[in-house]
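To start, the structure itself, in structure tokens.
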Amino acid sequence: MKNFAPFLTLAICFIVCFLLTNLTAYSQTIEVKKFETAPVIDGKLDDIPWQQVPSIEKFVVAELETTLPDKTQVYLGFDGTALYIGFRCFQDKSTMIANQTRKDGSFKFEDHVAVYLDTYHDKRRTYGFAVNPLGTQLDEKQGDLGWDGEWTAAAIVEESVWTVEMKIPYQILDLPRTEKQTWGLNLVRRHQSLDRTSTWADTGVNVSDANEFGSLTNLEVNPKNIGKKFELGGYFSLGLGDDSNSDALADRLTPAIGVDGSYKLTTSTSLICTINPDFSHIESEVQGIVLSDLEQRLTDRRPFFQEDGRIFRAPISLFYSRRIGEIDYGAKLIGKTGKATYGLMHIKETVDDSHNVLARGSWDAGNSSSVGVFFASKEVQETYNRSAAVDTRIRLPKAFNFVANYAGNWEPERENRRAILAEIYRRGNPIFSLAYRDISAGFNPVNGFVRLTDIRQPSFWGVYRWPIEKGLLQTVKFESVQKVTWNQAGERIRGDHFQLVEFDLGEKIQTGFFVRNWSYDVHTNWVVAAQAVYNRQKPDRIFVVCQYGEFEGAKATFVTTAMNLIPFQFMSIGIAGENLWQTFPDGHKTRKFSLRSSANFEIGNEKWITFRLRSGGEHKPNLNAVFKYMFLQDFVLYLVYGDQDAEETVNQLFAKVAFTW
């Protein structure tokens, strides 16, 4: 009976959640008007079409009972080729914060406006388009910033108002095959100087939560007239290295060529291919020092994996793209037909000559719920590693969700292994997660991301922001994490307990403290810590965390710092680093450090230079530099020095010309 307990728990939770899944909440609706003449996208909002549509002015602050910041007006319209959005944001020019000039650069600490679209109105997937007061654009697809759509925007700043115009062509969107369409919609404005975000749809702090979007109705789109279906790109490069035994220039040059292509089979299905891709100019995330024995998950910014990559994600991660190294070729088919969303991927790796295959399917069920299947395989010569899974996500009232996942993994001449996950969670304010993981020993999807095996682990995570707004104190944040882990034999092997209190002190300072104690192997660790963020209302930002305690049998002092500095417009500097000092019982002392810094110079539109310096431990500093210049329409030149993935600087110069038709 004991062995059936996890399955019985999942079954009961599933039945309860299914009974609740069809409960719906009220959402707002906008009936969009068709433009007879398209407005000029210059940021001025003075064209006649804008004057013929009503303004949208009802915005709320995300899940906080607080005073609404400066007034916002939004205008919407469409024609046969695109959706048009106009924002008018009332704000004193002296309080505006905007310095980001690179497309798809971070708007995390800047004023900006954004529109989120759920083109299938199925409450599952979104597009996001954002613009800051300088007219810089940022876009995403299903949360993936690697997606890059071709759309137009412009902004104008005046003394007491700034305005934005956007044009979003239908051809960059996945759309239903009907002419009369209704989309999910959210309109967002970030008031950085006030540390507030206001939204049209009451989504809470998760402004891209399609479950809470309003509706955009009366759209008329003819799928046959959308246009561009085929896109071909590629590159030619020449590398100059010093690893050759010959001094002859010809022997030190390494040419390379690669091709990328995509074909839109329908308005909602795309085929994406790449042959000998090069990602040398793509910034790679590097791990610093952490007080943990567990592997840390890092972001993969390679475009082939980021574009439509979310379809290959599941609660139990059977695919982690950073496991894939250099690629000979790859292809993927992504689409949606009716209530089914599907993805197929095949990748041929260079180093081990392996073939990696992924297949993912998800079917919509009820109100914002789904059932999915996943298959992952890595085939190397005469052996393989394969995994298969089934999962479900059920939307509950009050922004709660229930997730369950069962996965199996097998290899030749080895006993099959399995993993189970069940979780009830909420995103917003408060944040809540109650989860249970049961993973057998040896569960090993080689291209997946599974930190621990041979475990049974219940866990809790909760966050609440308490709005006060009295005097200096604006909000108080409480956070708690509780995890206890047993092995399959019933022996307790790990524990992790974390409590944080954080204070938002007006516009300049955010400070707090936390306590953590955690254990694994023979180690019982603990820290007490204080953290502070200074000057949040300006582009310059400094973040410091100081921790003191015991880590892996030694007294430890751990200092983490991060700075974002903008000395002047078109230049930004980022610095992040860690220092760990340890004193062991025998008096032996050690110090570990890690430093990661970057400087970005914006020379003009689609022209920039980035320098990255990384240092740590016994390695020499690693300097990497990238220069980008769009010298013709759809032609881009990259010059790259060094190797950002090497532990030490590699003296090589790399030139690449990329093109797209």
Side-chain angles (χ1 to χ4, degrees), residues 96-112 130-140 144-148 153 155 157 190 192 278-288 298-303 306 533-543 560-577 594-616 621-631 635-646 649-650 652-658:
M96 295 180 193
I97 300 172
N99 284 271
Q100 182 61 259
T101 57
R102 183 191 296 187
K103 187 178 186 298
D104 291 330
S106 174
F107 287 171
K108 188 173 181 180
F109 304 107
E110 300 210 344
D111 286 306
H112 63 273
V131 181
N132 72 0
L134 299 179
T136 308
Q137 298 171 229
L138 171 68
D139 52 27
E140 63 179 74
D144 290 328
L145 296 175
W147 178 75
D148 191 15
V157 176
R190 175 63 181 173
Q192 182 59 33
D278 169 70
F279 304 115
S280 60
H281 63 287
I282 304 297
E283 182 179 359
S284 178
E285 185 179 7
V286 179
Q287 179 178 317
L298 303 177
T299 302
D300 191 341
R301 298 188 174 100
R302 293 177 290 180
Q306 280 214 335
V533 180
Y534 177 72
N535 230 8
R536 302 176 68 226
Q537 89 283 13
K538 293 184 178 180
D540 298 343
R541 181 178 184 269
I542 301 174
F543 173 75
T560 303
T561 58
M563 291 181 282
N564 295 292
L565 308 175
I566 303 182
F568 51 85
Q569 195 168 331
F570 308 121
M571 176 183 178
S572 61
I573 299 173
I575 302 174
S594 175
L595 174 67
R596 301 167 304 284
S597 60
S598 65
N600 302 299
F601 298 88
E602 300 290 336
I603 304 171
N605 186 32
E606 294 297 334
K607 294 190 289 291
W608 49 259
I609 301 176
T610 296
F611 296 94
R612 307 184 191 103
L613 177 65
R614 186 169 76 247
S615 180
N622 181 334
L623 175 64
N624 172 249
V626 179
F627 169 68
K628 175 186 176 182
Y629 174 46
M630 180 177 285
F631 58 95
F635 280 79
V636 179
L637 170 67
Y638 293 97
L639 296 177
V640 182
Y641 172 78
D643 182 356
Q644 62 175 328
D645 293 322
T649 296
V650 176
Q652 65 176 16
L653 182 64
F654 179 85
K656 170 181 175 179
V657 175

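No hydrogens, no waters, no symmetry mates; every other heavy atom, side chains included, goes into these values.
- In this structure, D148 and K103 have side chains that are in contact, with non-hydrogen atoms separated by less than 4.5 Å.
- In this structure, F635 and L637 have side chains that are not in contact, with every pair of non-hydrogen atoms separated by 4.5 Å or more.
- For F611, there are no ring pair (Phe, Tyr, Trp, His ring centres under 6.0 Å) partners at least two apart in sequence or on another chain.
- Using a 4.5 Å heavy-atom threshold, the side chains of L639 and Y629 count as separate.
- With sequence neighbours left out, the ring pair (Phe, Tyr, Trp, His ring centres under 6.0 Å) criterion links F627 to no other residue.
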Checking side-chain contact (heavy atoms from CB on, under 4.5 Å) for the pair I575/L595: CA distance, chi angles, key distance, verdict? CA-CA 7 Å; I575 302 174; L595 174 67; 3.8 Å; yes
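- Here CG of N624 is found 10.0 Å from OH of Y641. Values are rounded to the nearest 0.5 Å.
- Taken to the nearest 0.5 Å, the CG atom of L623 stands 6.0 Å off from the CG atom of L613.
- The side chain to side chain contact (heavy atoms under 4.5 Å, CB included) test applied to T136 returns Q100, T101, F107, N132, L134, not counting sequence neighbours.
- For the atom pair T560 OG1 and F543 CZ, the distance stands at 7.5 Å (nearest 0.5 Å).
- Under the 6.0 Å distance and 45° angle rule, K656 counts as a cation-pi partner of Y638.
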Step by step, would you call K628 with I609 a side-chain contact (heavy atoms from CB on, under 4.5 Å)? CA-CA 6 Å; K628 175 186 176 182; I609 301 176; over 6 Å; no
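- Note that the CD atom of Q192 and the CD atom of E110 stand 8.0 Å from one another [nearest 0.5 Å].
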Assess the residue pair I573 and M563 against the criterion (side-chain contact (heavy atoms from CB on, under 4.5 Å)); give the C-alpha distance rounded to whole Å, side-chain angles, the decisive distance to 0.1 Å, and a yes or no. CA-CA 8 Å; I573 299 173; M563 291 181 282; over 6 Å; no
Could you please spell out the steps behind the side-chain hydrogen bond (donor to acceptor under 3.5 Å, both in side chains) verdict for S594 and R596? CA-CA 7 Å; S594 175; R596 301 167 304 284; 2.8 Å; yes
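- With hydrogens and angles disregarded, no donor-acceptor distance shorter than 3.5 Å links the side chain of N600 to the backbone of M571.
- With a 4.5 Å cut-off on side-chain heavy atoms, V636 and V657 do not count as touching.
- Two residues are said to be in side-chain contact when any heavy atoms from C-beta on lie closer than 4.5 Å; V131 and H112 fail this criterion.
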